[in-house]
Amino acid sequence: MSTFSIFLVLITIVCFLLIVVIMVQNPKGGGLSSTISGTQMLGGVQKTTDFLDKSTWTLATILIALILLSSLSFTGSLSDTDSKLIEKTEAPATTPAVPVQQTPAPATPAAK
């Protein structure tokens with residue numbers, strides 16, 4: 001497994017986690033905050049909002065870093081010269097071309 005493939009898997013996981021964290025949030029205060037009724041659970045509503053906000057920024061930063069690192073690890077091994085789709089095969093051997101013999105041009109008499 002190449003390093004680029006590892007980065008793709010990590011980027012996919014971080015994207016999924018970022019989607020989950022963003023979907024849990026509700027800008028009007030009715031997301032995960034509304035399901036926690038007591039202030040003693042998980043430090044209260046304000047702490048939950050702070051945690052979700054910090055985790056969103058952290059996951060976004062990790063995502064950007066992974067994307068930049070994956071672009072650096074991409075070697076471009078499947079460029080046009082090394083493509084597996086375009087195989088470099090020589091043309092099949094054909095009958096050798098027979099050289100055409102040129103006949104000498106008739107001599108023209110010199111004008112006096």
Side-chain angles (χ1 to χ4, degrees):
M1 188 175 220
S2 69
T3 56
F4 186 70
S5 299
I6 293 170
F7 278 118
L8 285 179
V9 170
L10 290 175
I11 287 171
T12 305
I13 292 170
V14 170
C15 285
F16 177 74
L17 290 174
L18 190 60
I19 289 170
V20 168
V21 168
I22 289 174
M23 293 299 286
V24 166
Q25 294 178 9
N26 189 350
K28 296 178 181 164
L32 184 63
S33 305
S34 66
T35 60
I36 300 173
S37 58
T39 58
Q40 290 134 7
M41 282 187 162
L42 294 176
V45 175
Q46 183 62 35
K47 297 287 184 180
T48 304
T49 305
D50 290 342
F51 171 74
L52 291 175
D53 189 39
K54 288 179 183 178
S55 62
T56 302
W57 283 107
T58 304
L59 287 171
T61 305
I62 291 171
L63 180 65
I64 291 171
L66 284 174
I67 290 171
L68 291 175
L69 288 174
S70 69
S71 68
L72 293 175
S73 72
F74 183 65
T75 59
S77 61
L78 290 178
S79 62
D80 289 338
T81 58
D82 297 333
S83 178
K84 292 181 181 179
L85 296 175
I86 303 172
E87 294 181 14
K88 294 182 180 179
T89 58
E90 293 183 18
T94 58
T95 57
V98 178
V100 178
Q101 295 182 0
Q102 295 180 352
T103 57
T108 56
K112 290 187 183 183

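Note that this is a predicted model, so its numbers are computed, not measured.
- For the side chain to side chain contact (heavy atoms under 4.5 Å, CB included) test with Leu63, the passing option among Leu59, Ile67, Thr61 is Ile67; the others fail.
- No chain of hydrophobic side-chain contacts below 4.5 Å, direct or via other Ile, Leu, Val, Met, Phe, Trp or Tyr residues, connects Trp57 to Leu52.
- Ser2 pairs by the side-chain hydrogen bond (donor to acceptor under 3.5 Å, both in side chains) definition with Ser5, not counting sequence neighbours.
- Distance check, rounded to the nearest 0.5 Å: CG of Leu69 to CD1 of Ile62 gives 11.5 Å.
- Legend: residues meeting side-chain hydrogen bond (donor to acceptor under 3.5 Å, both in side chains) with Thr56, ordered by chain and number and at least two apart, are Gln25.
- In this structure Ile64 satisfies the side-chain contact (heavy atoms from CB on, under 4.5 Å) test together with Leu68, sequence neighbours excluded.
- Note that the CD1 atom of Ile11 and the CG atom of Leu18 stand 12.5 Å from one another [nearest 0.5 Å].
- Taking all atoms of both residues into account, the shortest heavy-atom contact from Ser73 to Ser70 is OG-O, 3.0 Å.
- Through direct or relayed side-chain contacts under 4.5 Å between Ile, Leu, Val, Met, Phe, Trp and Tyr, Met23 connects to Ile19.
- Checked against side-chain contact (heavy atoms from CB on, under 4.5 Å), Leu8 has the following partners two or more places apart in sequence or in another chain: Phe4.
- For the atom pair CG of Leu17 and CD1 of Ile22, the computed distance is 11.0 Å after rounding to the nearest 0.5 Å.
- Phe16 pairs by the ring-ring contact (aromatic ring centres under 6.0 Å, His included) definition with nothing, not counting sequence neighbours.
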